[in-house]
Undergrad: 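I have a structure I would like to understand better, so I am pasting it below and will then ask my questions one at a time.
Keep in mind that the numbers below use all heavy atoms, side chains included, and drop hydrogens, waters and symmetry copies. Throughout, protein chains are lettered first and strands after them, A, B, ... in sequence-line order, and every chain is numbered starting at 1. Predicted model only: the values in this text are computed from it and were never measured.
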There are 2 protein chains.
Amino acid sequence: MTPGASPTLRDVAQEAGVSPAIASRVLNADPSVRAREDTRERVRIAAQRLGYVPHSLARSLRGARTGAIGLVMHGLDSPINVDVLRGAQARCAESGYVTLLAEAEELTQNDSQLHAFLARGRLDGVILHSGYGHEDLLLEAVSRSVPAVLVNADHGGAVSTVRVDDAAAAALAVQHLLDLGHREITFIAGPAGSETSDRRQSGYCRALETAGLVETADVMHAEWSAAAGRAAAEDLLDRPRLPTAVVVANAVTAAGVLSGFRDAAVTVPGELSVVGVHDSWFLEHLAVALTTVRLPLQALGAAAARVLIDEIDARVAKGASRQGGKAGAGINGARAPHDEFISEPPPQLILRSSTGVPRE
Amino acid sequence: MTPGASPTLRDVAQEAGVSPAIASRVLNADPSVRAREDTRERVRIAAQRLGYVPHSLARSLRGARTGAIGLVMHGLDSPINVDVLRGAQARCAESGYVTLLAEAEELTQNDSQLHAFLARGRLDGVILHSGYGHEDLLLEAVSRSVPAVLVNADHGGAVSTVRVDDAAAAALAVQHLLDLGHREITFIAGPAGSETSDRRQSGYCRALETAGLVETADVMHAEWSAAAGRAAAEDLLDRPRLPTAVVVANAVTAAGVLSGFRDAAVTVPGELSVVGVHDSWFLEHLAVALTTVRLPLQALGAAAARVLIDEIDARVAKGASRQGGKAGAGINGARAPHDEFISEPPPQLILRSSTGVPRE
DNA sequence: CGTTTTTGGAAAATCGATTGTTCACCAATT
DNA sequence: AATTGGTGAACAATCGATTTTCCAAAAACG
């Protein structure tokens, strides 16, 4: 071994006076290895002394897995989405996987980035965080090369998905307002085409229906951004007749809504009550501390990671039983896609200062 | 080639009727290859038809680089830090590198995660985003195995660093308040031990000094969190004598400070003016829209990536000239560490509603 | 004592791509 | 006619670890 170069398995084997084969199996605790205890000991000591670190690439090249999971995220300017990322990242790390991060926007706009990311042999699987529903091509490309799990979207059942209970969250927000006595509640949804938004909207409608107020339903649309929220607030205030409360499908949008009301000198909750969906540290520091429904976003990310890792394990096990069938064999035919709702902890109302009884 | 398995270089070569060697050289446009044009064409066509994608692991194993950069981040619950991450990630992707994400806290607390992350042959380099100054061990471990760049910290010159001009930013904040007529300005710094905080504090002091007000300097410390900001605000209000303005070293802390003032019914900017450092979308939606000094955080992340990639390139070039010297040879002896200030764009005052003339 | 069985471990193939060396062939020069 | 030269492409080693196959020596058995 040239001094300065990091030691290889061969170096360890030589040091211990055994063949690389034995060294490998001893260090990996291969149960089928037959070696005297003192031989094992020598190998372990040698590895220790040389500071041997396995070469991950070489190992992956031979073996069936790379130990890496791709996270394709969307909208990282919002802490909400970052929470999903952090949950997924932490769970992957916990299971011994490293995570490769990419932004969906970049990947869809730049083919060479997509190819670098999906290069053969780089990833064991991908978690795809869906935003506006424009990720069909991405999903297509991804799921053709590795197992994938879709977060917060439903894609015709071809791929596994995980979601939170968006409908219940919205319904909870509405229920809170109903309890306070509100009867005219406007829903500011996300952009058309977002499944997350659609589910929250249906929760809103369901809650009104249950209360026998379905004919008062009133839905506006806004992009998932504070600026769009502000604009929506302005639009709302332009109306001849105002509701007494607003449910906003997203906390970031809600931030903009509150600022819009502040700019127009509309007091919250005096003249209008506002409830958002999601929870984050910044909500209590907004123009008015925002009452929201907390959804377990980190748990969502973690669940996505868990589901994906299960699929990877299943595939590897299957591949092994077929005597090392090549990676790529039977992709996505491996298992029936798994759909999961994250219902623990359930959506929870976080009471702050933006809701109160309706104005006279 | 078994159907269903992804094609290898060999398959392409066979399809084109040449040896893998030629196929490799043609596809990589090796200038030293000598092959007839029609041979080249055949190879390219074959690759196309089979949908050949190079196996990144195999390539990296043979070659000198892996095409992957590690991002060790800190405090991803703050959008401020996420901006650095996004800048770095985008720049890496642009240069054809994929990025591996890890959280510093996890890595320091969990040895096996650290080892998985730094496994030999996985990374070409690491960007280390420094927080509280507790990352010495991490830096040590990282820089022993690959080139590293430190963001927002200075580490005795052993490793390259990039920073923004924190002192100038703080000075600009102070100057703005001086211009409004303030003479008693308190500085709410970050935690003791944070170099970023120290630099901002020195900018604050320098500005007061220039104005001949150095004896009015008043510094409090708070962790980088909204909760700590709120607590600091309460502490401040407990004093018998209040300043007329506050500069907060961090935008997230500032959010808490504003909420603290709101809770105590202290009007901003009527009774107290507040200026923060950093810019982010949420600042205009706080209890009072916060005036801040914008620092180019995405540019900071991007610069870190640029510096690191330069170092990687230099090392690879050097390794190549020494006929493929092993990775690991002369780590960190390769180049003198590079220190860089990101001064473009310069710190810029973003005027919102939290500053005004001093109270009577 | 000869033969079978077990034990302990080495040798070699493999993963997929890259790259230095070698080789065959045809034309041009001595 | 023999040597050189240049072209086009194949051969084979290599990166580092894993895993199957296989072989020698020791032990057990009749």
Undergrad: Identify the heavy atoms of V151(A) and L300(A) that sit nearest to each other, and give their distance.
TA: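 Here V151(A) and L300(A) meet closest at CG1-CD2, 3.6 Å.
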
Undergrad: Could you state the atom-to-atom distance from CZ of R10(B) to C1' of dA17(C) in whole Å?
TA: 11 Å

Undergrad: Less than 4.0 Å between a side-chain N and a carboxylate O, is that true for R315(B) and E311(B)?
TA: no

Undergrad: Does D38(B) or A58(A) map to a spot on DNA chain D nearer the 5' end, using the closest nucleotide for each?
TA: D38(B)

Undergrad: Below 4.5 Å, heavy atoms only, C-beta onward: do V53(A) and L118(B) meet side chain to side chain?
TA: no

Undergrad: Take atom CG of D11(B) and atom P of dG16(C), then tell me their distance rounded to the nearest Å.
TA: 9 Å

Undergrad: Please report, rounded to the nearest Å, how far the P atom of dA17(D) is from the CZ atom of R122(B).
TA: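 From R122(B) CZ to dA17(D) P: 14 Å.
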
Undergrad: Starting at CD1 of I22(B) and ending at P of dC23(C), how long is that distance when rounded to a whole Å?
TA: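 Rounded to whole Å, this separation is 16 Å.
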
Undergrad: Would a distance-only check, ignoring hydrogens and angles, find a side-chain to backbone donor-acceptor pair under 3.5 Å from N81(A) to L76(A)?
TA: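 No: the side chain of N81(A) does not pair with the backbone of L76(A).
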
Undergrad: L9(A) has an atom CG; how far is it from atom C1' of dT18(D), in whole Å?
TA: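 Computing the L9(A):CG to dT18(D):C1' distance gives 9 Å.
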
Undergrad: Specify the separation, in whole Å, of atom CG of L61(B) and atom P of dT19(C).
TA: 12 Å

Undergrad: Among dA9(D), dT18(C), dT18(D), which nucleotide sits nearest the side chain of P20(A)?
TA: dT18(D)

Undergrad: Are the side chains of Y52(A) and D11(A) in contact, using a 4.5 Å heavy-atom criterion?
TA: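 The answer is no, as the side chains (C-beta and beyond) never meet within the 4.5 Å cut-off.
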
Undergrad: Under 4.0 Å between a side-chain N or O of T39(A) and OP1 or OP2 of dG9(C)?
TA: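 The answer is yes; a side-chain N or O of T39(A) sits under 4.0 Å from OP1 or OP2.
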
Undergrad: Over how many whole Å does the gap from R59(A) atom CZ to dG16(C) atom C1' extend?
TA: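 Computing the R59(A):CZ to dG16(C):C1' distance gives 19 Å.
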
Undergrad: Which part of the nucleic acid does V18(A) contact within heavy-atom distance under 4.0 Å: base, sugar-phosphate only, or nothing?
TA: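 Since only primed, P, OP1 and OP2 atoms lie under 4.0 Å of V18(A), the category is sugar-phosphate.
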
Undergrad: Looking for any heavy atom pair under 4.0 Å, which part of the strands does D30(B) touch: base, sugar-phosphate only, or nothing?
TA: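 The residue D30(B) makes no contact with any strand.
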
Undergrad: Do any side-chain nitrogens or oxygens of T8(B) fall under 4.0 Å of OP1 or OP2 in dG16(C)?
TA: no

Undergrad: Ignoring backbone atoms, establish whether R36(A) has a side-chain N or O less than 4.0 Å from OP1 or OP2 of dG9(C).
TA: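 Answer is yes, contact under 4.0 Å.
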
Undergrad: Starting from P on dA9(D), measure out to CG on L27(B) and report it in whole angstrom.
TA: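 Answer to the nearest Å: 14 Å.
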
Undergrad: Does dG16(C) have OP1 or OP2 sitting under 4.0 Å from an N or O in the side chain of Y52(B)?
TA: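 No, because none of the side-chain N or O atoms of Y52(B) sits under 4.0 Å from OP1 or OP2 of dG16(C).
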
Undergrad: Check whether any side-chain N or O of R120(B) sits under 4.0 Å from OP1 or OP2 of dA17(D), and answer yes or no.
TA: yes

Undergrad: What closest approach, in Å, do T66(A) and R122(B) show between heavy atoms, and which atom pair accounts for it?
TA: O-NH1, 3.5 Å

Undergrad: Check nucleotides 21-28 of chain D for protein N or O atoms closer than 3.5 Å to its own N or O atoms and list the pairs.
TA:
none

Undergrad: Compare side-chain N and O positions of S24(B) against OP1 and OP2 of dT18(C) and report whether any pair is under 4.0 Å apart.
TA: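 For dT18(C), OP1 or OP2 has a side-chain N or O of S24(B) closer than 4.0 Å.
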
Undergrad: Do E37(B) and R44(B) sit within salt-bridge range, that is, some charged N less than 4.0 Å from a carboxylate O?
TA: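 Looking at R44(B) together with E37(B), the answer is yes, because their closest N to O distance falls below 4.0 Å.
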
Undergrad: Return yes if some donor-acceptor pair links the side-chain N/O of R91(B) with the main-chain N/O of R306(B) below 3.5 Å, else return no.
TA: no

Undergrad: On DNA chain C, nearest-nucleotide positions of H55(B) versus A35(A): which is more 5'?
TA: A35(A)

